[in-house]
Number of protein chains: 2
Amino acid sequence: MRIGVLAKAAGVSVPAIRYYESIGLLTPPARQGGQRIYGSDDLRALSLVRHCRELDFSIDETRDILASVQRRSPCRDTKVLAEKHLGSIRKKIAELRALEATVAALVSGCETTCCGSAAPDCVILQPGCGAA
Amino acid sequence: MRIGVLAKAAGVSVPAIRYYESIGLLTPPARQGGQRIYGSDDLRALSLVRHCRELDFSIDETRDILASVQRRSPCRDTKVLAEKHLGSIRKKIAELRALEATVAALVSGCETTCCGSAAPDCVILQPGCGAA
DNA sequence: CTTGAACCTCAAGTGGCTTGAGGGCGTAGC
DNA sequence: GCTACGCCCTCAAGCCACTTGAGGTTCAAG
(Lines give C-alpha, C1' and ligand atoms only; values in the text may rest on other atoms or scores of the structure.)
Protein backbone atom coordinates (compact mmCIF):
# COMPACT_ATOMS: atom_id res chain seq x y z
CA MET A 1 0.00 0.00 0.00
CA ARG A 2 1.06 3.60 -0.49
CA ILE A 3 1.61 6.11 2.27
CA GLY A 4 -1.84 7.69 2.08
CA VAL A 5 -3.54 4.33 2.51
CA LEU A 6 -1.26 3.42 5.39
CA ALA A 7 -1.95 6.78 7.02
CA LYS A 8 -5.70 6.28 6.88
CA ALA A 9 -5.46 2.69 8.04
CA ALA A 10 -3.36 3.63 11.07
CA GLY A 11 -5.02 6.95 11.79
CA VAL A 12 -1.79 8.93 11.46
CA SER A 13 -0.99 11.87 9.19
CA VAL A 14 1.17 11.33 6.13
CA PRO A 15 3.85 13.86 7.20
CA ALA A 16 3.98 12.19 10.61
CA ILE A 17 4.82 8.86 8.98
CA ARG A 18 7.65 10.46 7.01
CA TYR A 19 8.78 12.17 10.20
CA TYR A 20 8.83 8.84 12.08
CA GLU A 21 10.93 7.39 9.29
CA SER A 22 13.30 10.38 9.32
CA ILE A 23 14.05 9.93 13.02
CA GLY A 24 14.55 6.19 12.66
CA LEU A 25 11.39 5.17 14.52
CA LEU A 26 10.04 3.31 11.51
CA THR A 27 12.24 1.41 9.08
CA PRO A 28 12.25 2.82 5.54
CA PRO A 29 10.05 0.72 3.25
CA ALA A 30 10.69 -0.41 -0.30
CA ARG A 31 10.15 2.08 -3.09
CA GLN A 32 8.47 1.94 -6.46
CA GLY A 33 9.26 4.84 -8.74
CA GLY A 34 10.43 6.83 -5.73
CA GLN A 35 7.21 6.21 -3.79
CA ARG A 36 7.07 4.33 -0.51
CA ILE A 37 5.31 0.97 -0.57
CA TYR A 38 4.26 -0.54 2.75
CA GLY A 39 3.18 -3.97 3.89
CA SER A 40 1.07 -5.28 6.74
CA ASP A 41 4.05 -5.40 9.11
CA ASP A 42 4.46 -1.68 8.62
CA LEU A 43 0.83 -1.14 9.45
CA ARG A 44 1.20 -3.13 12.65
CA ALA A 45 4.28 -1.17 13.66
CA LEU A 46 2.68 2.17 12.89
CA SER A 47 -0.49 1.23 14.71
CA LEU A 48 1.58 0.39 17.75
CA VAL A 49 3.33 3.74 17.48
CA ARG A 50 -0.02 5.47 17.32
CA HIS A 51 -1.23 3.52 20.32
CA CYS A 52 1.84 4.50 22.33
CA ARG A 53 1.53 8.13 21.34
CA GLU A 54 -2.13 8.16 22.32
CA LEU A 55 -1.08 6.84 25.71
CA ASP A 56 1.27 9.83 25.71
CA PHE A 57 4.50 7.86 25.70
CA SER A 58 7.36 9.96 24.32
CA ILE A 59 8.98 9.11 21.02
CA ASP A 60 11.97 7.65 22.85
CA GLU A 61 9.75 5.49 25.04
CA THR A 62 7.86 4.41 21.95
CA ARG A 63 11.16 3.50 20.35
CA ASP A 64 12.02 1.36 23.39
CA ILE A 65 8.65 -0.33 23.25
CA LEU A 66 9.04 -1.12 19.55
CA ALA A 67 12.48 -2.55 20.28
CA SER A 68 11.05 -4.69 23.09
CA VAL A 69 8.41 -6.03 20.76
CA GLN A 70 11.07 -6.91 18.22
CA ARG A 71 13.10 -8.65 20.94
CA ARG A 72 9.89 -10.57 21.73
CA SER A 73 10.12 -9.67 25.39
CA PRO A 74 7.61 -6.86 25.44
CA CYS A 75 5.70 -7.46 28.62
CA ARG A 76 8.15 -6.89 31.45
CA ASP A 77 9.91 -3.94 29.85
CA THR A 78 6.68 -2.34 28.85
CA LYS A 79 5.11 -2.70 32.25
CA VAL A 80 8.08 -0.92 33.84
CA LEU A 81 7.80 1.89 31.32
CA ALA A 82 4.05 2.11 31.80
CA GLU A 83 4.39 2.32 35.57
CA LYS A 84 6.97 5.04 35.30
CA HIS A 85 4.75 6.83 32.83
CA LEU A 86 1.80 6.50 35.19
CA GLY A 87 3.88 8.16 37.90
CA SER A 88 4.64 11.14 35.72
CA ILE A 89 0.99 11.45 34.67
CA ARG A 90 -0.03 11.50 38.32
CA LYS A 91 2.62 14.06 39.14
CA LYS A 92 1.38 16.31 36.38
CA ILE A 93 -2.20 15.91 37.57
CA ALA A 94 -1.16 16.96 41.06
CA GLU A 95 0.64 20.00 39.69
CA LEU A 96 -2.34 21.01 37.60
CA ARG A 97 -4.70 20.58 40.54
CA ALA A 98 -2.58 22.88 42.65
CA LEU A 99 -2.58 25.36 39.80
CA GLU A 100 -6.33 25.02 39.41
CA ALA A 101 -6.84 25.78 43.10
CA THR A 102 -4.57 28.82 42.90
CA VAL A 103 -6.22 30.31 39.83
CA ALA A 104 -9.72 29.54 41.14
CA ALA A 105 -8.88 31.28 44.40
CA LEU A 106 -7.60 34.30 42.50
CA VAL A 107 -10.71 34.51 40.36
CA SER A 108 -13.06 34.32 43.33
CA GLY A 109 -10.84 36.72 45.24
CA CYS A 110 -11.17 39.12 42.34
CA GLU A 111 -14.94 38.80 42.39
CA THR A 112 -15.28 39.53 46.09
CA THR A 113 -12.46 42.03 46.49
CA CYS A 114 -11.67 44.14 43.50
CA CYS A 115 -14.37 43.62 40.89
CA GLY A 116 -17.11 43.95 43.48
CA SER A 117 -15.66 46.96 45.22
CA ALA A 118 -13.49 49.94 44.45
CA ALA A 119 -10.22 48.21 45.28
CA PRO A 120 -7.20 49.66 43.49
CA ASP A 121 -5.44 46.60 42.10
CA CYS A 122 -6.73 43.25 40.96
CA VAL A 123 -5.72 40.43 43.29
CA ILE A 124 -4.95 38.22 40.31
CA LEU A 125 -2.01 40.45 39.57
CA GLN A 126 -0.56 40.56 43.05
CA PRO A 127 2.83 38.91 43.00
CA GLY A 128 3.33 36.25 45.58
CA CYS A 129 -0.32 35.22 45.66
CA GLY A 130 0.08 32.11 43.68
CA ALA A 131 3.73 31.27 43.25
CA ALA A 132 3.77 27.78 41.83
CA MET B 1 20.61 47.85 38.06
CA ARG B 2 22.24 45.50 35.58
CA ILE B 3 20.57 42.45 34.10
CA GLY B 4 22.02 39.95 36.57
CA VAL B 5 20.69 41.91 39.54
CA LEU B 6 17.29 42.23 37.94
CA ALA B 7 17.26 38.53 37.18
CA LYS B 8 17.93 37.61 40.80
CA ALA B 9 15.46 40.16 42.12
CA ALA B 10 12.66 38.86 39.92
CA GLY B 11 13.63 35.20 40.04
CA VAL B 12 14.02 34.87 36.28
CA SER B 13 17.05 33.74 34.27
CA VAL B 14 19.17 36.29 32.44
CA PRO B 15 18.62 34.73 28.98
CA ALA B 16 14.88 34.67 29.67
CA ILE B 17 14.91 38.44 30.24
CA ARG B 18 16.74 38.98 26.96
CA TYR B 19 14.28 36.62 25.29
CA TYR B 20 11.30 38.56 26.67
CA GLU B 21 12.83 41.74 25.30
CA SER B 22 13.48 40.14 21.90
CA ILE B 23 9.83 39.18 21.50
CA GLY B 24 8.62 42.60 22.61
CA LEU B 25 7.16 41.49 25.94
CA LEU B 26 9.45 43.84 27.88
CA THR B 27 10.46 47.28 26.60
CA PRO B 28 14.21 47.66 25.92
CA PRO B 29 15.89 49.55 28.76
CA ALA B 30 18.54 52.26 28.55
CA ARG B 31 22.13 51.20 27.94
CA GLN B 32 25.44 52.19 29.44
CA GLY B 33 28.44 51.06 27.46
CA GLY B 34 26.27 48.57 25.62
CA GLN B 35 24.93 47.04 28.85
CA ARG B 36 21.28 47.12 29.84
CA ILE B 37 20.40 49.27 32.85
CA TYR B 38 17.05 48.66 34.52
CA GLY B 39 14.91 50.62 36.98
CA SER B 40 12.24 49.66 39.51
CA ASP B 41 9.47 49.83 36.91
CA ASP B 42 11.25 47.16 34.95
CA LEU B 43 11.44 45.00 38.06
CA ARG B 44 7.72 45.39 38.62
CA ALA B 45 6.94 44.49 35.02
CA LEU B 46 9.24 41.48 35.06
CA SER B 47 7.86 40.29 38.39
CA LEU B 48 4.37 40.43 36.92
CA VAL B 49 5.57 38.44 33.94
CA ARG B 50 7.04 35.83 36.24
CA HIS B 51 3.83 35.69 38.23
CA CYS B 52 1.77 35.17 35.08
CA ARG B 53 4.13 32.47 33.82
CA GLU B 54 3.98 30.68 37.15
CA LEU B 55 0.21 30.70 36.81
CA ASP B 56 0.87 29.11 33.42
CA PHE B 57 -0.52 31.91 31.31
CA SER B 58 0.97 31.84 27.82
CA ILE B 59 3.30 34.56 26.65
CA ASP B 60 0.49 36.07 24.58
CA GLU B 61 -1.87 36.10 27.53
CA THR B 62 0.88 37.63 29.65
CA ARG B 63 1.31 40.28 26.99
CA ASP B 64 -2.41 41.06 27.17
CA ILE B 65 -2.25 41.28 30.95
CA LEU B 66 0.69 43.66 30.83
CA ALA B 67 -1.19 45.80 28.31
CA SER B 68 -4.26 45.85 30.57
CA VAL B 69 -2.13 46.97 33.47
CA GLN B 70 -0.72 49.76 31.36
CA ARG B 71 -4.23 50.75 30.32
CA ARG B 72 -5.04 50.84 34.08
CA SER B 73 -8.01 48.59 33.55
CA PRO B 74 -6.49 45.33 34.68
CA CYS B 75 -9.23 43.78 36.73
CA ARG B 76 -12.05 43.00 34.35
CA ASP B 77 -9.85 41.93 31.47
CA THR B 78 -7.69 39.82 33.70
CA LYS B 79 -10.59 38.05 35.34
CA VAL B 80 -11.94 37.05 31.94
CA LEU B 81 -8.53 35.72 30.95
CA ALA B 82 -8.12 33.90 34.26
CA GLU B 83 -11.52 32.25 33.94
CA LYS B 84 -10.75 31.10 30.44
CA HIS B 85 -7.40 29.85 31.64
CA LEU B 86 -9.07 28.01 34.51
CA GLY B 87 -11.30 26.29 31.99
CA SER B 88 -8.35 25.04 29.98
CA ILE B 89 -6.57 23.86 33.15
CA ARG B 90 -9.66 21.87 34.12
CA LYS B 91 -9.97 20.45 30.65
CA LYS B 92 -6.38 19.29 30.74
CA ILE B 93 -6.87 17.76 34.18
CA ALA B 94 -9.85 15.83 32.86
CA GLU B 95 -7.82 14.56 29.92
CA LEU B 96 -4.97 13.50 32.15
CA ARG B 97 -7.32 11.72 34.53
CA ALA B 98 -8.79 9.75 31.66
CA LEU B 99 -5.26 8.91 30.55
CA GLU B 100 -4.30 7.92 34.09
CA ALA B 101 -7.26 5.55 34.29
CA THR B 102 -6.38 4.01 30.94
CA VAL B 103 -2.73 3.43 31.74
CA ALA B 104 -3.50 2.20 35.25
CA ALA B 105 -5.98 -0.30 33.80
CA LEU B 106 -3.38 -1.50 31.31
CA VAL B 107 -0.75 -1.96 34.01
CA SER B 108 -3.05 -3.93 36.27
CA GLY B 109 -4.33 -5.88 33.28
CA CYS B 110 -0.73 -6.74 32.49
CA GLU B 111 -0.14 -7.94 36.03
CA THR B 112 -3.17 -10.24 36.10
CA THR B 113 -3.15 -11.38 32.49
CA CYS B 114 0.18 -11.54 30.80
CA CYS B 115 2.89 -11.05 33.40
CA GLY B 116 1.22 -13.54 35.74
CA SER B 117 0.46 -16.16 33.15
CA ALA B 118 1.84 -17.44 29.92
CA ALA B 119 -0.22 -15.12 27.73
CA PRO B 120 1.31 -14.40 24.37
CA ASP B 121 1.12 -10.61 24.08
CA CYS B 122 1.18 -7.87 26.64
CA VAL B 123 -2.19 -6.13 26.99
CA ILE B 124 -0.44 -2.77 27.19
CA LEU B 125 0.49 -3.18 23.58
CA GLN B 126 -2.92 -4.17 22.30
CA PRO B 127 -4.15 -1.52 19.93
CA GLY B 128 -7.59 -0.21 20.65
CA CYS B 129 -7.35 -0.81 24.40
CA GLY B 130 -6.71 2.73 25.33
CA ALA B 131 -7.44 5.01 22.45
CA ALA B 132 -7.46 8.53 23.86
C1' DC C 1 -2.31 13.95 -23.93
C1' DT C 2 -3.96 16.25 -20.26
C1' DT C 3 -5.80 16.71 -15.84
C1' DG C 4 -5.75 16.08 -11.00
C1' DA C 5 -4.75 13.54 -6.95
C1' DA C 6 -1.30 11.77 -4.49
C1' DC C 7 3.42 11.54 -3.89
C1' DC C 8 8.37 13.44 -3.24
C1' DT C 9 12.16 16.52 -0.72
C1' DC C 10 13.67 20.23 1.83
C1' DA C 11 13.08 24.19 4.86
C1' DA C 12 10.86 26.73 8.24
C1' DG C 13 7.50 27.39 11.99
C1' DT C 14 5.30 26.18 16.59
C1' DG C 15 6.36 27.62 22.36
C1' DG C 16 9.38 29.16 25.64
C1' DC C 17 12.96 29.24 26.58
C1' DT C 18 18.22 26.97 27.37
C1' DT C 19 22.87 26.26 26.01
C1' DG C 20 27.02 27.31 23.64
C1' DA C 21 30.44 29.91 20.91
C1' DG C 22 33.10 33.80 20.61
C1' DG C 23 34.00 38.23 22.15
C1' DG C 24 33.53 43.06 25.05
C1' DC C 25 33.22 45.78 29.61
C1' DG C 26 34.40 46.87 34.43
C1' DT C 27 36.80 46.51 38.54
C1' DA C 28 40.38 44.85 41.71
C1' DG C 29 44.94 43.53 42.75
C1' DC C 30 49.91 43.61 41.53
C1' DG D 1 49.98 49.64 33.13
C1' DC D 2 48.60 44.90 33.09
C1' DT D 3 46.25 40.99 34.07
C1' DA D 4 42.65 38.25 35.89
C1' DC D 5 38.00 37.51 36.70
C1' DG D 6 33.17 38.03 36.52
C1' DC D 7 29.60 39.84 34.23
C1' DC D 8 27.86 41.42 30.03
C1' DC D 9 27.00 41.30 24.77
C1' DT D 10 25.13 39.03 20.16
C1' DC D 11 23.94 35.38 17.32
C1' DA D 12 22.88 30.57 16.37
C1' DA D 13 21.33 26.20 17.46
C1' DG D 14 18.81 22.86 20.28
C1' DC D 15 14.67 20.94 22.63
C1' DC D 16 9.77 18.14 21.35
C1' DA D 17 6.77 16.19 17.97
C1' DC D 18 5.27 17.23 14.60
C1' DT D 19 2.70 20.78 10.91
C1' DT D 20 2.77 23.77 7.05
C1' DG D 21 4.38 25.45 2.74
C1' DA D 22 6.99 25.72 -1.57
C1' DG D 23 8.20 23.65 -5.60
C1' DG D 24 8.56 19.59 -8.26
C1' DT D 25 7.44 14.31 -9.70
C1' DT D 26 4.60 10.12 -10.41
C1' DC D 27 0.41 7.68 -11.33
C1' DA D 28 -4.20 6.56 -12.84
C1' DA D 29 -8.22 8.09 -15.31
C1' DG D 30 -10.55 10.22 -19.16
Listed pairs, N/O of protein and of nucleotides 3-10 of chain C, under 3.5 Å:
residue : atom : partner  : partner atom : Å
dC7(C)  : OP1  : Gly4(A)  : N            : 2.7
dC8(C)  : OP1  : Arg36(A) : N            : 3.0
dC8(C)  : OP1  : Arg36(A) : NH1          : 2.8
dC8(C)  : OP2  : Arg18(A) : NH1          : 2.2
dC8(C)  : OP2  : Arg36(A) : NH1          : 3.4
dC8(C)  : O5'  : Arg36(A) : NH1          : 3.4
dC8(C)  : O3'  : Arg31(A) : NH1          : 3.4
dT9(C)  : OP1  : Arg31(A) : NH1          : 3.3
dT9(C)  : OP1  : Arg31(A) : NH2          : 3.0
dT9(C)  : OP2  : Arg36(A) : NH1          : 3.1
dT9(C)  : OP2  : Arg36(A) : NH2          : 2.9

Worksheet entry | Ile23(A) CD1 - dG14(D) C1' separation (whole Å) | 16 Å
Report all interatomic pairs (protein N or O, nucleotide N or O of nucleotides 19-21 of chain D) with separations under 3.5 Å.
residue : atom : partner  : partner atom : Å
dT19(D) : OP2  : Ser13(A) : OG           : 2.7

Worksheet item: Whole-Å distance between dC7(D) C1' and Met1(B) CE?
Response: 16 Å
Fill in: Nearest-Å distance for atom pair CD1/C1', residues Ile17(B) and dC8(D)
12 Å
Worksheet entry | Any Val49(B) side-chain heavy atom under 4.5 Å of Arg53(B) side chain | yes
Discussion item. Are Leu66(A) and Ile23(A) connected into the same hydrophobic cluster when the rule is that any two of I, L, V, M, F, W, Y join if their side-chain heavy atoms are below 4.5 Å apart?
Written reply: yes
Discussion item. Quick check: closest heavy atoms across Ala82(B) and Val107(A), and the distance to 0.1 Å?
Written reply: CB-CG2, 3.6 Å
Fill in: side chain to side chain donor-acceptor pair (under 3.5 Å) partners for Glu95(B), two or more places apart
none
Item to complete: Check Ala104(B) against Arg90(A) and note the closest heavy-atom contact, atom names and distance.
Response: CB-NH2, 4.0 Å
Discussion item. In the structure I gave you, are the side-chain heavy atoms of Leu106(A) and Leu55(B) within less than 4.5 Å of one another anywhere?
Written reply: yes
Response to the item:
note: Gln32(A), atom CD; dT26(D), atom P; distance rounded to Å ~ 14 Å
Discussion item. Which is more 5' along DNA chain C, the nucleotide nearest Gly33(B) or the one nearest Ile59(B)? Just name the residue.
Written reply: Ile59(B)
Discussion item. Quick check on Arg97(A): does its CZ atom have over 12 non-hydrogen neighbours (other residues, nucleotides or ligands) under 6.0 Å away?
Written reply: no
Item to complete: Evaluate the side-chain contact (heavy atoms from CB on, under 4.5 Å) criterion for residues Arg36(B) and Arg18(B): first the C-alpha distance (whole Å), next the side-chain angles of each, then the deciding distance (0.1 Å), finally the verdict.
Response: CA-CA 10 Å; Arg36(B) 293 168 178 86; Arg18(B) 286 196 277 249; 3.5 Å; yes
Worksheet entry | Distance in angstrom units between Asp60(B) CG and dT14(C) C1', rounded | 12 Å
Worksheet item: Could you give the CD1-to-C1' distance, from Ile37(B) to dG26(C), as a whole number of Å?
Response: 11 Å
Worksheet item: For Pro29(A) and Glu21(A), which heavy atoms make the closest approach, and how far apart are they?
Response: CD-OE1, 3.6 Å
Discussion item. From CZ of Arg63(B) over to C1' of dG16(C), roughly how many Å is that when rounded to an integer?
Written reply: 12 Å
